[in-house]
Amino acid sequence: MSTPSPIRLHKELSRIWDTAPGLGRLSAVNHTVLGKRFIITAFVFFTIGGLLAMLIRAQLATSKNAFVGPDIYNQIFTMHGTIMMFLFAIPMFEGFAIYLLPKMLGARDMAFPRMAAYGYWCYLFGGSILIAALILGVAPDGGWFMYTPLNSKPYSPGINADIWLLGITFVEISALSAAIEIIVSILKLRAPGMTLNHMPIMAWYLLITAFMMLFGFPPLILASALLELERAFGLPFFDPTRGGDSLLWQHLFWLFGHPEVYIIFLPAAGAISMMVPTFARHELIGYRTVVLAIIAVAFLSFGLWVHHMFTVGIPHLALTFFSAASGLVAIPTAVQIFAWIATIANGRPKLDVPMLYLFGFFVIFIIGGLTGVMVAMVPFNLQAHDTHFVVAHLHYVLVGGFVFPMLAAAYYWLPHFTGKRSDHVLSRPAFWLIFVGFNLTFFLMHLTGLLGMPRRVSTYPLEAKWDWLNLLSSFGSFIMTIGFALFVIDVFLQVRFGTRFRRDPWSAKTLEWATPTPATSYAFASLPEISDRADRLEPAALGPKLAGGEGYLGFTRNNWMETLGVDMMTARPTEVIVLPRPTFLPFWTGLATGAFVLCLLFKLYWLSLVPFAITIGLWFVWTLTTGSRTDSAPLDIGHRQSAPPHWQVERPPSWWAMLFAIGGDAVMVTSLIFGSLFLIVVAPQWPPQTYVTVSPLLLSAMVAGAIIAALSGRFAVKQLLSGTPPLAGLSVAGVGYLVALTAATIAILNMGTLTAHAQAAMLFALLAMAALHAAIGLLLIAYGFLRHFSGKLSALRSMDLRIGKLWHDASALVVLACVVAALVLQFDLSSARLR
Amino acid sequence: MTRSSPLLTLAAGFTIWASGFAVIYAVQGVGCAYGWDLIALGPVSLLRLVLILLTVATAAIIYVVARALSGAIPGKEREASHFMLSVAAGAALLAVPATLFTFAGVFIATACS
Ligand code: HEM
Ligand SMILES: [Cu+2]
């Protein structure tokens, strides 16, 4: 294959990779397009959240203010918090990750472009539902952490809380799919030679953050589902008068909620770790130590959720665990800060606009960290809990730890998006307005908090003497807003009128600067070979070589969108990953999912089955274009090397995706089992007056069916590998699942009333969880048949069945675990109690 | 070692910390609910004894794992594995004091109030 000229190569690749204009934009699956979309959409939500914050500050500016009443105020602060956390911070970082990762790692796209597109639509539609509710005046109003019983039916009879539970869960689909996509992309889609220890440090940050999302979001999704079941059908999971416990909600929520704040901070820290070396003109000091610190933070942050619940009456001993872990987590966070300071101290720093914003980060985040250690100490916490001191603290960490680094990142990477130079007219005044305004707004809240001003109150009396502090604070927030407005204008000016500039304007040493700027849809015309750490490159020299096709895959073939998959450890090329072309399917599937959510919202449960079935059906349609009907010889990848297409290797990206999805699923199931044990042990009103029981025969049938399915799923793989059609294996597995599903359905139908006591409700939840796993297994069996009959399976092309096998094994374990937990729920264990 | 396990080793030490956390927290909850703190065993209650044993056991297991991991670090010429295993061993080693610090309360704090 001869290497074409750079221009011709560019034209050929663009023809294959570009997204069609006009309505064709709805079919975009490209990471550059989707990354920008996520970022812009998240910024729009930030603006909405910011406007709500302005309303809050307007209301609190003076005592006895009648600007908005308490009902509206409740909606405003709840939506402000919810939007900022779920619709701004997380999607903003996802956008940066999706846009930057392939370019930093030397790949042409993310691993699952259609999932990224589907995730975007779920985010947009879910977010729109919330905003629509805000406009209609029925927005959630029970606080961003949705505590029960306030958000249970008796105290929130309207649709408001349902909008939160369903809308946010809908948005979380995008967070979970992004998490899996980020993990697999980092582990598999790197440039040849870029071993894990050569990765730019931000990839480590994003890898670990994505794992945290994968394990952090399932408890929230589960809790939301349980609370929605309680609200819609009266299943009393959180109702202490019927064997539930509102503390269960708090546990599940904060098991998600605390890791969440690190999920927000770590990607920002990753961006900081990219910018600091560039402006210090020195590589990051302590690369290995920083990786260690991220791992420690990630784990520790899962062991301190109860610090949000110090005041609920948990025994002191338990509090010490969480208090200790909360203090401990400051250490690895500080280690990262020291690594940045050391890098700056050892380099020849130059102060440019991004560094100015990072200076703001340092000051504000450190103050937030210090007040964080204060509120982590139980005695102080008891004083400060639910006051404006906490509002001050949380904004110092969130705005300091996320907004300032993201502003810096925006200035740093904007030239990559635009190919233009920052002309810096407004960026400096914008910084000072935001910085001064922020501190004025929030520093004073420490004081109002210490003076006893509670959070979430719409008004306060004149006698409280909080007036002038609040007025100054509100004044500060308007200064800050002017700063943000200047920022927006500045960005607009650069995008529209900036002067064209060479690639790598900052003389950075990482790979994303080797792409053409503004980035082309295919990112790299050919993929580089990396032999050293990927933050020691010379993008200005490397870029033209790659554009000239000197790297891997510097050609086109079959109109395929190709990138390389590498071995996780050695980073040698193992497969050519053929990515899906632009398609409207994610859009339609997102719409169908949205329709399903709306049906649930309006309690049209029977009707909801229609969009549900359409969603599932569309997913099957997604798979029609993937895979191949013939076995392929290894494909040329350039440099006299070759590799098979991804559907012919043992562990392609989708295999890993299933493995990680199962990991997240395991957390969800464990949380449910934890929930049932929690109620048995801790909840009041136990034991129940009458136990609802399920026949052991049905329970055994469930387990037996699931085990048969797993075994025959394995057998089907064996058949395929030995050259026989896997029909027998698939059929028996299908029967196994049907048995399990039927048994679970009969059991559920015979349970009688589920609303009298949480024992019955939990039993139902466990059986339903088992049934859900069997149902998904059944779909995978159907998928196996579909692949077989469309000729996509052979001994060489067995990945579809092997991915199924992973699920069948896991779901057998899940069914077993749920059944065991269900058995425990049916026995009165209270006779063993000494108190 | 299989091809993907270096990734798992990174998480080894703190995964044991987390499992220990879950078990210790659960035992504390169950023990209080069922009144194990009311059963005296010499100077301490049954509950406290169990919690102390669990804490020490968690720390000990992590320490053993950390030793094994640092023993398995290959030479510098296998750069990637060297990096992964030394980070894994470091993380596990850090998890030992983290364990003792997190659960230090089992020695002193009142168990069930
Ligand atoms: C842009 C400037 C901002 C201002 C002026 C602002 C102001 C406020 C105020 C005054 C409250 C307290 C309301 C009350 O308790 O009555 C609040 C709550 C909150 N803010 Fe902000 N905020 C800003 C940005 C952010 C950002 C960027 C985030 C997150 C990334 C955020 C997250 C939250 C959360 C989670 C709450 C708690 C909501 C609740 O109590 O349910 N805020 N904000
Ligand atoms: Cu927290």
Side-chain angles (χ1 to χ4, degrees), chain A residues 187 194-198 204 207-208 211 215 287-289 291-296 298-300 302-304 306 313-329 331-332 532 567-571 650-651 656 659 670 674 677-678 680-682 686 829-830 832-835, chain B residues 1-7 10-11 13-15 17-18 20-22 24-26 28-39 46-48 51 55 78-84 86-95 97-98 100-113:
Chain A
L187 292 178
M194 191 191 280
T195 48
L196 293 170
N197 56 316
H198 286 161
W204 274 106
L207 176 66
I208 292 168
F211 270 111
F215 299 139
Y287 180 95
R288 181 189 313 229
T289 314
V291 173
L292 239 169
I294 316 170
I295 295 174
F299 274 97
L300 291 174
F302 276 88
L304 30 80
V306 168
I314 289 172
H316 281 138
L317 175 54
L319 295 189
T320 64
F321 306 157
F322 296 97
S323 185
S326 306
L328 214 50
V329 77
I331 298 176
D532 189 6
D567 180 85
M568 240 178 234
M569 279 310 293
T570 64
E650 197 192 335
R651 292 177 177 185
W656 289 103
L659 189 70
T670 314
F674 161 82
L677 299 181
F678 180 86
I680 297 177
V681 174
V682 177
W686 280 73
L829 303 168
S830 59
R833 284 183 194 245
L834 299 181
R835 31 164 92 78
Chain B
M1 268 189 210
T2 62
R3 279 179 297 150
S4 57
S5 67
L7 202 67
L10 287 186
F14 274 104
T15 301
W17 170 85
F21 198 118
I24 291 171
Y25 184 45
Q28 183 270 330
V30 173
C32 287
Y34 286 79
W36 299 352
D37 56 319
L38 304 175
I39 307 173
L46 171 65
L47 178 58
R48 191 180 296 281
L51 290 174
T55 301
R78 290 179 52 200
E79 214 194 321
S81 315
H82 177 84
F83 175 85
M84 296 293 276
S86 56
V87 172
L93 220 56
L94 288 179
L100 295 175
F101 188 75
T102 315
F103 307 119
V106 299
F107 294 98
I108 38 177
T110 45
C112 296
S113 61

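Chain A is the first sequence line, chain B the second, and so forth, proteins listed ahead of strands; every chain is numbered from 1.
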- [ ] Could you look at B/Ile108 and say if it's the side chain, the backbone, both or neither that has a heavy atom under 4.5 Å from chain A?
- [x] neither

Open item on the list: Measuring from atom CZ of A/Arg288 to atom NE2 of B/His82, what distance do you get when rounded to the nearest 0.5 angstrom?
Closed with: 5.0 Å

Open item on the list: If you count heavy-atom pairs within less than 4.5 Å of chain B, which of A/Thr195, A/Leu328, A/Ile331 leads?
Closed with: A/Leu328

Open item on the list: Looking at every non-hydrogen atom in both residues, tell me the closest pair between A/Val681 and B/Gly29 and how far apart they are.
Closed with: CG1-O, 3.8 Å

Open item on the list: Is any side-chain heavy atom of B/Met84 closer than 4.5 Å to one of A/Asn197?
Closed with: no

- [ ] For each of B/Gly105, B/Ala104, B/Ala33, tally heavy-atom pairs with chain A at distances under 4.5 Å, and name the one with the top tally.
- [x] B/Ala33

Task: When A/Gly327, A/Gly303, A/Ala571, A/Ala325 are compared by non-hydrogen pairs under 4.5 Å with chain B, the top option - done: A/Gly303

- [ ] Tell me, for B/Ala95 versus chain A, whether the close heavy atoms (under 4.5 Å) come from the side chain, the backbone, both or neither.
- [x] neither

Task: Residue pair B/Tyr34 / A/Leu829: nearest heavy atoms and the distance that separates them - done: CE2-O, 3.2 Å

- [ ] Any chance you could measure A/Thr570, atom OG1, to B/Arg78, atom CZ, to the nearest 0.5 Å?
- [x] 11.0 Å

- [ ] Could you check which of A/Ser326, A/Pro315, A/Ser323 has the highest count of heavy-atom pairs closer than 4.5 Å to chain B?
- [x] A/Pro315

Open item on the list: I'd like to know which of B/Ala22, B/Cys112, B/Gly13 tops the heavy-atom pair count under 4.5 Å against chain A.
Closed with: B/Cys112

Open item on the list: Check the orientation of A/Tyr287 and B/Phe83. Use parallel for under 30°, tilted for 30 to 60°, and perpendicular for over 60°.
Closed with: tilted

TODO: To the nearest 0.5 angstrom, please state how far the CG atom of B/Leu7 sits from the CG atom of A/Leu207.
DONE: 6.5 Å

Task: Test side chain to side chain contact (heavy atoms under 4.5 Å, CB included) applied to A/Ile295 and B/Leu94, step by step - done: CA-CA 11 Å; A/Ile295 295 174; B/Leu94 288 179; over 6 Å; no

Open item on the list: Using a 4.5 angstrom heavy-atom cutoff, name the option from B/Trp36, B/Tyr25, B/Phe103 with the most pairs to chain A.
Closed with: B/Tyr25

Open item on the list: Taking every non-hydrogen pair under 4.5 Å, which of B/Ala80, B/Ser86, B/Ala109 racks up the most with chain A?
Closed with: B/Ala80

Task: From B/Leu47 atom CG to A/Leu317 atom CG, the distance as rounded to the nearest 0.5 Å - done: 7.5 Å

Open item on the list: At a 4.5 Å cut-off on heavy atoms, which part of A/Leu304 comes close to chain B: side chain, backbone, both, or neither?
Closed with: neither

- [ ] Using the test ring-ring contact (aromatic ring centres under 6.0 Å, His included), find all partners of A/Phe299 that sit at least two apart in sequence or belong to another chain.
- [x] B/Phe14

Open item on the list: Counting only non-hydrogen atoms closer than 4.5 Å, does B/Phe21 touch chain A with its backbone (N, CA, C, O), its side chain (CB onward), both, or neither?
Closed with: side chain

Task: chain B contact via A/Phe302 - which portion, at a heavy-atom distance below 4.5 Å - done: neither

